[in-house]
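Shown next, in structure tokens, is the structure this report addresses.
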Protein chains: 2
Amino acid sequence: MADLARLAGVSVATVSRALNGSTEVSEATRNRISELARQMNYTINLSAKNLRTRQNRTVAVVIPYDSTSRQHVSEPFFLTMMGSLADSLTSRGYDMLLSRVDAEKLDMAASLYDSGTAIGIIMIGQWHHHDQLNVMAARNVPLVVWGAQLAQQIYCSVGGDNFDGGAKATRHLIEQGRKRIAFLGDPDLPEVMLRHRGYEHALREAGMQPDPRLLLKQPFEANMASDAVRRLVADGVAFDALFACSDVLAVAAIHALRSSGRSVPREVAVVGYDDVEWARHAEPPLTTIRQPFANAGAEIVDALLQQLSGQKVPPRTLRVELVVRNSSIAGSAER
Amino acid sequence: MADLARLAGVSVATVSRALNGSTEVSEATRNRISELARQMNYTINLSAKNLRTRQNRTVAVVIPYDSTSRQHVSEPFFLTMMGSLADSLTSRGYDMLLSRVDAEKLDMAASLYDSGTAIGIIMIGQWHHHDQLNVMAARNVPLVVWGAQLAQQIYCSVGGDNFDGGAKATRHLIEQGRKRIAFLGDPDLPEVMLRHRGYEHALREAGMQPDPRLLLKQPFEANMASDAVRRLVADGVAFDALFACSDVLAVAAIHALRSSGRSVPREVAVVGYDDVEWARHAEPPLTTIRQPFANAGAEIVDALLQQLSGQKVPPRTLRVELVVRNSSIAGSAER
DNA sequence: TTGAAAGCGCTAACAT
DNA sequence: ATGTTAGCGCTTTCAA
């Protein structure tokens, strides 16, 4: 900047003001300086700026990973989520720092804030670490978590309505005349737990009893889910429908079912979750619960920015929607 | 840090040294200071550190987006790639700054470097902007591009062997007895261009002539690809195989084919590209060209780090592999 | 082994 | 409208 000032024949203060678009520098010099900066590929040094202004424009997005089971990481859900977040963040002029932290050490994420690297943290999923998140929030680390709204929660969460999603999926299957509906997912995870409650709720509503043998407790991992479904078939447990907690799991299940000789949707109707991009192109096209991805990023970022402006932000639950395609409709074209 | 120094009864210099693990501070005080820092949730301010040391540990990963056609963005390819990059980067102690820039203004990415925000740039895909990338490289912006190796290329690229991938896919289809193989992708994009050349090469090798009517020039966009395939069928152009430039396109094509009354793989054999996670769970399981994702991240990061250490890094081409599943095998189970 | 002090590049009073 | 200057939190040379 000093060089630039010398070249322009002004002081560094003027250059600083010009480059920050201050109006108290004459438009002529402002343009001259900007032009000069462009020619020299000069850009304000962000470290210095941040140091001086004690603020920055970086938000950390943390994707926990499970080092033992490598769970979740390849779910297309994340891409969609990250795309949405990246859009919301960049359109508001924030940078997005992507960080993967061991799900067992979620509190490490806080150091991104403590070190001034990021002004706030967006965490995707709460996993088994509700308590660690509460500790961070109690320390006033600006934090928004995508996930379920739980009891005794200090931090701000934004998430789809998982209970309603589970209920909608299950009701839809019941309306198709299905009587024995399997549940594929791990209710130990908060979001899945709520979906499972919605599932049970819908069953009872229709006068059915949840059968524990129909609960396939599996992480978000396609291969394990496939195996579990194959086992269910091999064990001779009767079922005529399956609700999977992600589209990836649903597709894995469909494949396992068909290769076990069960036709989909005729013998087994399947509903997924998320409505990722390719769900409509799957074979058969997937009936699924659509997560509000487009809003999600915006809502999360809004919540974070509100926190940063000092407001107390309550958790938000976003509406989800049933998208009916062929995987759950017995009358549909099937080969 | 001053507070910490006061509490510990030492100077800031000692604290700085202790926290950076310098051996010239006694182990006793070092432990004491570290412990104190932990209790206070103190972490070194990165802006100040970076400003002072004139270096940092952030690498920018740039995903170009096409503002007009919203091309590519939702390809699961990116997630896999980003996961791989995130792994490689974090395991080497670097942060990953995710940035989406308008594909028409790729050179904007350089400002991340100019401003000291990142020490280098990783760009995913070169799109139509070979020249802008060359300009950046000529300015000595540390840069690695995932993509094709082109003529007159100054920048360092790392990419799969697209020519070979195209050839392998096509040869495989020819070996299945297919005679009229459609190509789905946009050869204006460098990587796709090479795949297309490989495709043509394999055809000629077998004594066949490429038929321009079998080239479905489409961006990486499932809906457009579906439509194009449907149109091809409706137009009555004969074909018995299709090579798609991504798994998403392949699945979209299969769906379009089946809903147009063509069975897959019996009437039309299909090969995809990438081998994303769910390709094996698609219906039918997808024959595809596997991109070396696991290596890719590591190779890209290595290349960047080598550049940063002052070496001239030549482009690298990684081996790709044909993965045969059912979508291209007529004898396979089909419903 | 530890401390004092200079300075990284910038912004924002304050002065002109 | 522009310049002077102090200081953001850190590292590091030099001195003790």
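Chain A is the first sequence line, chain B the second, and so forth, proteins listed ahead of strands; every chain is numbered from 1. For the numbers below, each heavy atom of this structure counts, side chains included, while hydrogens, waters and symmetry mates do not.
- Taking the six-membered ring where tryptophan is involved, the planes of B:Tyr155 and B:His130 are perpendicular, since the angle between them exceeds 60° and thus also 30°.
- Within the structure, every pair that satisfies the side chain to side chain donor-acceptor pair (under 3.5 Å) test and touches residues 304-316 of chain A, not counting sequence neighbours, is listed here: A:Glu299-A:Arg316, A:Ser309-A:Gln311.
- For the pair B:Thr29 and B:Leu51, nearest-nucleotide mapping onto DNA chain C gives the more 5' position to B:Thr29.
- Looking at A:Leu304 and A:Val59, their side chains come closer than 4.5 Å, going by heavy atoms from C-beta outward.
- The distance from atom CD of A:Gln55 to atom C1' of C:dT11 is 11 Å, rounded to the nearest whole Å.
- Atom CG of A:Leu46 is separated from atom P of D:dC10 by 18 Å (rounded to the nearest Å).
- Here the rule is side-chain contact (heavy atoms from CB on, under 4.5 Å) with A:Ile122, and of A:Leu143, A:Val158, A:Val145, A:Leu85 only A:Leu85 fits it.
- Only one option out of B:Leu89, B:Leu97, B:Ile121 pairs with B:Val61 in a side-chain contact (heavy atoms from CB on, under 4.5 Å); it is B:Leu89.
- Contacts with DNA chain D (heavy atom under 4.0 Å) in residues 110-121 of chain A: none are found.
- Listed for the B:Thr14 side chain is no donor-acceptor partner under 3.5 Å among the backbone atoms of B:Val10.
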> salt bridge (charged side-chain N to carboxylate O under 4.0 Å, His left out) between B:Asp107 and B:Arg139: does it pass, once the steps are laid out?
Replying inline: CA-CA 11 Å; B:Asp107 45 0; B:Arg139 273 182 50 209; over 6 Å; no
> How would nucleotides 11-16 of chain D be written as a contact map, 5' to 3', with B for base contact, S for sugar-phosphate-only contact and - for no contact, using protein heavy atoms under 4.0 Å?
Replying inline: BBB---
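- Rounded to whole Å, atom C1' of D:dC10 lies 15 Å from atom CG of B:Asn56.
- Atom CG of A:Asn45 is separated from atom P of D:dC10 by 16 Å (rounded to the nearest Å).
- Distance, B:Glu27 CD to C:dT2 P: 12 Å, rounded to whole Å.
- Using a 4.0 Å cut-off between charged side-chain N and carboxylate O, A:Arg32 and A:Glu35 make no salt bridge.
- With rounding to whole Å, B:Ile33 atom CD1 is found 14 Å from C:dT1 atom P.
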